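Below: the structure, in structure tokens.
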Protein chains: 2
Amino acid sequence: MRAYGMLSTVPSTTPLSESTLLAALAPAGGRQSAVGDVSDTAVRIMLAAADAFAQRGFHATTTRDIASRAGLSPAGVYVHFTSKEVLLFELSRRGHERARDLLVEAAAAADSPTEALRAIIGGFSRWHAEHYELGRIVQFEFRHLRPEHRDAVLGLRKEIDQVVAGVLRDGVDTGEFAVTDVPATALALLSMAIDVARWYTPDVRRTPAAIEATYGELAFRLVRPGEALAASVLS
Amino acid sequence: MRAYGMLSTVPSTTPLSESTLLAALAPAGGRQSAVGDVSDTAVRIMLAAADAFAQRGFHATTTRDIASRAGLSPAGVYVHFTSKEVLLFELSRRGHERARDLLVEAAAAADSPTEALRAIIGGFSRWHAEHYELGRIVQFEFRHLRPEHRDAVLGLRKEIDQVVAGVLRDGVDTGEFAVTDVPATALALLSMAIDVARWYTPDVRRTPAAIEATYGELAFRLVRPGEALAASVLS
DNA sequence: GTCTATATCCTGATAGAC
DNA sequence: GTCTATCAGGATATAGAC
């Protein structure tokens, strides 16, 4: 994410425009089944669970719910996932990985910290709208993971933090940004994007594309230098 | 919230510095019992439920959990609240009312839109840290309310939105702010503050007071005019 | 790999004594 | 207003036939 322009053959908008939950679960180059190395039935179960978890929450969702949405008997789920919590973990892990990949790719493809910031915060916000179901699971069902699974996901969350903080530091170095507290600003930027998953529904008037543009712009406003500082940089 | 300076005898920091969950549940002038018109036992139950709901979520909390934390038998709860969901509603309603009151008072006590914005976003953020338990219930357990209770709370949420949007419009009118999309900016500002309840715990290094200062400052950065616009206002 | 059937335990809420 | 005891149903997960 520091080598701006080096990977610019990867257009930053392509990975951000996928619109199905299935796409959000799939790794970038997956091919064998729809989602990497798992069976189609397992994918059907994950999609059913994602739907239910996002709609009602982890603990309000029953294994019978998931099974019947996936067209299976209650017992059929356990051939593919050893427990309901493991199913949550799989969704959470894949969702975090996908979100992180989007950020890393968008940052790498940008030609400047300003472009990178717009791309990552705009793209992250759009992702939380387009995939608001998976986004809710990733962001709001986290605490229902068992400790070992929580720890695994925490590592991915730190990577996401680091992408944002890295772009901010780069922009401070080039003078494009004036940020007094990089970790706090990174956190606030992520908060704006994460919260999209809370309020967004397909009924809402704003489109994911509009959200991308608006939040990319708001992100830049939050870090741009003020009048005095801008003047000193320009002189 | 438009009569800046009219209520400046009410210091804006007083309502923001209360630090117990009990204080967050109490209406500003309540006196009879600790929390308005309800019995001490009902308050004990609400505190126990708030603790449990914030820690584990509504559906993962059992009525036996709540009862034992409140020092009651499982049946004892039902004398004071007719169902677990009604208990959630009471917490949610009181929490929303308290948060709204803080915003309204902080906005009214400020001498300018700039001060008002710092006070409401800083104060709202601080509230979500100091009362992160009630904050989580208010912000993240909302969907587990029954439809009629959700509707009641939705009205309060709209009032909160309106306070923020009103301050933004006032600042645009005076030229202190340059905001292209008031509803979107109000939403993003609220997102920053709301998300504090998700990540804050007492273990975290930032204090609620530091969060208030940081987020008040970030809020202003998001709306301040750019160089060109600032110059035209000053000339 | 999927089913039917079921074990085992837990859930929200209530009945009725004190 | 609080208790003990309990209802009636639902929860996750497993056993064993096909």
Side-chain angles (χ1 to χ4, degrees), chain A residues 32-53 55-92 137 141 143-149, chain B residues 32-92 137 141 143-150:
Chain A
Q32 302 177 248
S33 83
V35 177
D37 55 332
V38 292
S39 72
D40 285 354
T41 305
V43 172
R44 247 173 42 236
I45 294 170
M46 285 199 285
L47 293 173
D51 223 46
F53 290 163
Q55 206 169 92
R56 317 184 192 183
F58 176 70
H59 274 106
T61 299
T62 70
T63 53
R64 285 169 174 77
D65 262 351
I66 296 165
S68 76
R69 282 180 199 239
L72 288 172
S73 72
V77 172
Y78 289 88
V79 174
H80 304 275
F81 299 93
T82 58
S83 74
K84 192 174 79 160
E85 191 271 341
V86 164
L87 191 39
L88 174 63
F89 173 58
E90 273 306 307
L91 289 170
S92 190
I137 292 165
E141 304 298 324
R143 61 174 156 179
H144 297 125
L145 292 170
R146 290 176 50 192
E148 64 264 36
H149 290 157
Chain B
Q32 303 175 245
S33 81
V35 177
D37 55 334
V38 291
S39 72
D40 284 353
T41 304
V43 172
R44 245 172 44 235
I45 294 170
M46 284 199 284
L47 293 173
D51 223 46
F53 290 163
Q55 207 170 92
R56 315 182 193 185
F58 176 71
H59 274 107
T61 299
T62 69
T63 54
R64 284 167 175 79
D65 262 350
I66 297 166
S68 75
R69 281 180 199 239
L72 288 172
S73 72
V77 171
Y78 289 87
V79 175
H80 303 275
F81 300 92
T82 58
S83 75
K84 194 174 79 161
E85 190 271 342
V86 164
L87 190 40
L88 174 64
F89 173 57
E90 273 306 308
L91 289 170
S92 191
I137 293 164
E141 305 297 323
R143 61 175 158 180
H144 298 125
L145 292 170
R146 290 176 49 191
E148 63 263 37
H149 290 156
R150 247 200 308 253

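Chain identifiers are assigned alphabetically (A, B, ...) following the order of the sequence lines, protein sequences preceding nucleic acid strands; residue numbering begins at 1 within each chain. The shown structure was predicted, so the numbers you read here are calculated from the model rather than taken from an experiment.
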Open item on the list: For a quick check of understanding: with a heavy-atom distance under 4.0 Å over all strands, which category does B:Thr62 fall into, base, sugar-phosphate or nothing?
Closed with: sugar-phosphate
Open item on the list: Tell me the interatomic distance from B:Arg44, atom CZ, to D:dG1, atom P, rounded to whole angstroms.
Closed with: 12 Å
Open item on the list: Taking the side chain as everything from C-beta on, heavy atoms only, tell me whether B:Phe58 gets closer than 4.5 Å to B:Lys84.
Closed with: yes
Open item on the list: Looking at C:dG12, I'd like to know if its phosphate oxygens (OP1 or OP2) sit under 4.0 Å from a side-chain N or O belonging to B:His59.
Closed with: no
TODO: Could you check which of D:dG1, C:dT11, C:dG1 has an atom nearest any side-chain atom of A:Val79?
DONE: C:dG1
Open item on the list: Taking the minimum atom-to-atom distance to the side chain of A:Ser83, which one of D:dA13, C:dT2, D:dG1 wins?
Closed with: D:dA13
Task: From C:dT2, D:dA15, C:dA13, nucleotide with atom closest to A:Ala75 side chain - done: D:dA15
Task: Whole angstrom value for the distance that separates P of D:dA11 from CZ of A:Arg56 - done: 10 Å
TODO: Report the distance from atom CG of A:Asp40 to atom C1' of C:dT2, rounded to the nearest whole Å.
DONE: 16 Å
Task: Atom-pair distance (CG on B:Asp65; P on C:dA13), nearest Å - done: 14 Å
Task: Length of the OH-P vector between B:Tyr78 and C:dA13, whole Å - done: 4 Å
Open item on the list: Could you check whether B:Glu85 and B:His149, counting side-chain N and O atoms only, form a donor-acceptor pair closer than 3.5 Å?
Closed with: yes
Task: Nearest heavy-atom neighbours spanning A:Ala48 and A:Arg69 - done: CB-CB, 3.6 Å
Task: Minimal non-hydrogen separation, B:Ala54 against A:Arg143, with atom names - done: O-NH1, 2.7 Å
Task: Minimum-distance nucleotide to A:Thr41 side chain [options: C:dT2, C:dT4, D:dG1] - done: C:dT2
Task: Residue pairs, two or more places apart or on separate chains, that pass side-chain hydrogen bond (donor to acceptor under 3.5 Å, both in side chains) and touch residues 70-81 of chain B - done: none
Task: Spacing of B:Arg64 atom CZ relative to C:dA13 atom P, expressed in whole Å - done: 11 Å
TODO: Measure the distance from CD1 on A:Ile45 to P on D:dA13 and round it to the nearest whole Å.
DONE: 13 Å
Task: Integer-rounded Å distance: D:dT14 C1' and A:Lys84 NZ - done: 17 Å
Task: Side-chain N,O (B:Ser73) to OP1/OP2 (D:dT4) below 4.0 Å - done: no
Task: Candidates C:dA13, D:dC3, C:dT2 - which lies nearest the side chain of B:Leu72 - done: D:dC3
